Amino acid sequence: MPRPVPQRAQLPWSLVAGMMVLLLGAAPALPESLTVTLSNQQLYSQPSFTSPAVSPVPQGAPVTLLRREGDWVQVDYQGKQGWLHKAAVAGGGPAVSLPALLGGGPVRQTRHDEVALAGKGFTPEVEAGFRQKNPGLNYAQVEAVERIQVDPAALQAFLREGGLN
Amino acid sequence: MRRRWVILTVAAGLPLVAGFNIPSLPLPAPPLPSQAQKAAEVVTKTGTKAVQAARPLSEEEEYYLGRAVAARLLARYPLYQNPEATLYVNQVGLAVARKSSRPAPYRGYRFAVLDTLEPNAFACPGGLILVTRGLVRLCGTEDELAAVLAHEVAHVVRRDGITSISQARWSEVLTTAGTETARQYAGGVGGALVNLFEAAVEDVFRTLVVNGYSRPAEEAADREAILMLTRAGYQPGALAQVLGKMSGGSGGIFRTHPPTSERLARVKSLAPPAAPAGEKEKVRLQRFQKMKF
């Protein structure tokens, strides 16, 4: 008497194999590229905020990772090499939209910029709506505070003068 | 034979998918070409929603909340118009903030002085820190000002302001953000997200201005402030000194950051006040005294 074929064998295995091939294709094996996610960042000559600044680096700039040391990453930005605090960068690898690629397959752990594409909670658009609804709020003063800039060299001098680290 | 090959392929793929979130869905039949785009959109939406449900507030979202809280505070108190004193407070603030465990939030730290003699300080989520002229006057030295600012930075580091937003409210934000309605909403007034944002701002504002932080949050912020002061090269005992000056008051900072006797005793035991010592401390005192608050 022939044994019944288990239900499992009915799965479209060719589709599973195809998915794996796609996943392999999507996995990046590239030199690690990071993105500067914060504004007002400097490349430092040493992994320390007290070391001299090499160059400013704009928000959104791609940088190439050279090495990691504790909380710091050494990077190359347009031929200039220096250190950034790890809190100032994000990423590694190109953002591949796997759900769209697979049309129903696995969903990758979402990176922050992908959430941005898919619809975030509190965005500049939400803030715009909030401001329109609450015209009595003083955003002009908030923006005045945000314009305050402390020159890195002046801060270094201030720290030195006060015997601070 | 064919099945064995497939099993091997799946096994080889496992390490690759370890970091992925795989929903336990039956594999769908390939959609017709005309439906493919639509199907992909649906899956993208539901997949993202599932991931979002567990995510905390992002740095950007925290920043927009902080701006709104600051805009409410600045509607109540004007900014102190003294660029020299403002720059000085920023330099002292950055001296301690850069030694915190969160030295570089999304748009960085900014410090501003509010033109009122009521002593108070507010740490808006994301790194905008507002301190009143009254509180700076209460500080007798740069080290004491650094202690006050370090304590406020610690609330930003620990995200104490946004913990007042209830989990239920935040889940609603994420659910709303994942719907088609939210997607279509683009800057108009009256969106559901705007209402939720407004409610979240109110939650944070009430903590900062009316109710104050929890006692454990205050304790932890004191500890973090002492660490920051020590790392930066300030006298950590300055925190106990300035807290000592605050006892006995009422309203304002006395309500939002109550300097209770237990709190003062604990801070003293961690970093006892010390008499000014050394040339550099004198330099710091002199530059503080040169500023007009």
Side-chain angles (χ1 to χ4, degrees), chain A residues 9 11-13 15-17 20 23-24 27 37-41 49 85 87-88 97-100 103-104 106-110 112 114-115 118-130 132-134 136-139 141-142 144-146 148 150 154-155 158-159 161-165, chain B residues 6 9-10 13 16-17 19-23 27-28 31 36 39-40 43-44 47-48 51-52 58 61 64-65 67-68 70-72 74-75 79 86 90-91 94-95 98 103-104 106-108 110 112 128 173-174 177-178 182-183 186-189 191 193-194 197-198 231-233 280 283-284:
Chain A
L11 283 170
W13 286 110
L15 203 63
V16 175
M20 289 309 154
L23 273 174
L24 280 165
T37 53
L38 303 177
S39 60
N40 295 324
Q41 297 304 306
F49 286 114
H85 193 271
S97 177
L98 277 180
V107 176
R108 190 169 61 143
Q109 189 65 48
T110 310
H112 188 74
E114 289 158 11
V115 175
K120 279 201 302 189
F122 300 148
T123 60
E125 290 76 26
V126 173
E127 185 189 83
F130 173 74
Q132 261 181 284
K133 205 176 159 191
N134 296 277
L137 300 183
N138 203 338
Y139 270 92
Q141 293 280 64
V142 175
V145 174
E146 288 186 337
I148 298 169
V150 178
L155 181 61
F158 179 85
L159 297 172
E161 182 191 62
L164 301 169
N165 302 315
Chain B
V6 169
T9 314
V10 172
L16 265 173
V17 295
F20 297 78
N21 198 1
I22 306 175
L27 292 166
V43 170
T44 308
T48 307
V51 173
Q52 273 190 341
S58 70
E61 286 161 339
Y64 286 114
L65 272 173
R67 266 168 66 93
R72 273 188 73 163
L74 289 166
L79 282 175
T86 304
N90 273 274
Q91 287 174 322
L94 289 175
R98 62 206 278 282
Y106 178 53
R107 291 279 173 98
R110 296 287 194 298
L128 286 175
V173 170
L174 295 178
R183 202 177 276 249
V189 183
L193 274 175
V194 171
F197 182 74
E198 199 168 32
R231 286 192 204 120
K280 291 294 184 185
V283 171
R284 299 200 294 266

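Just so we're on the same page: letters track the sequence lines, and every chain starts at 1. The structure displayed is predicted, hence computed values, not measured ones.
- Looking at Arg284(B), only its side chain comes within 4.5 Å of chain A, counting heavy atoms on both sides.
- Counting only distance, with no hydrogens or angles, the side chain of Glu161(A) and the backbone of Val283(B) share no donor-acceptor pair below 3.5 Å.
- For Leu128(B), the part lying near chain A is the side chain, with the backbone staying farther off; criterion is any non-hydrogen pair under 4.5 Å.
- Two residues are said to be in side-chain contact when any heavy atoms from C-beta on lie closer than 4.5 Å; Phe130(A) and Tyr64(B) fail this criterion.
- Contact tally against chain A (heavy-atom pairs below 4.5 Å) for Arg72(B), Glu198(B), Arg67(B), Lys280(B): the top residue is Arg67(B).
- In this structure, Asn138(A) contributes its side chain and Gln141(A) its backbone to a donor-acceptor pair below 3.5 Å.
- Among Ala71(B), Gly233(B), Ala70(B), Ala75(B), the residue with the largest count of heavy-atom pairs under 4.5 Å with chain A is Ala71(B).
- A salt bridge is defined here as a Lys NZ or Arg NE, NH1 or NH2 lying under 4.0 Å from an Asp or Glu carboxylate O, and Arg107(B) with Glu146(A) fails to meet this definition.
- Looking at heavy atoms from C-beta onward, Leu65(B) lies out of side-chain contact with Glu127(A) at the 4.5 angstrom threshold.
- Proximity to chain A is limited to the backbone of Ala232(B), based on heavy atoms less than 4.5 angstrom apart.
- Only the side chain of Leu94(B) comes within contact range of chain A, with at least one heavy atom under 4.5 Å from a heavy atom of that chain.
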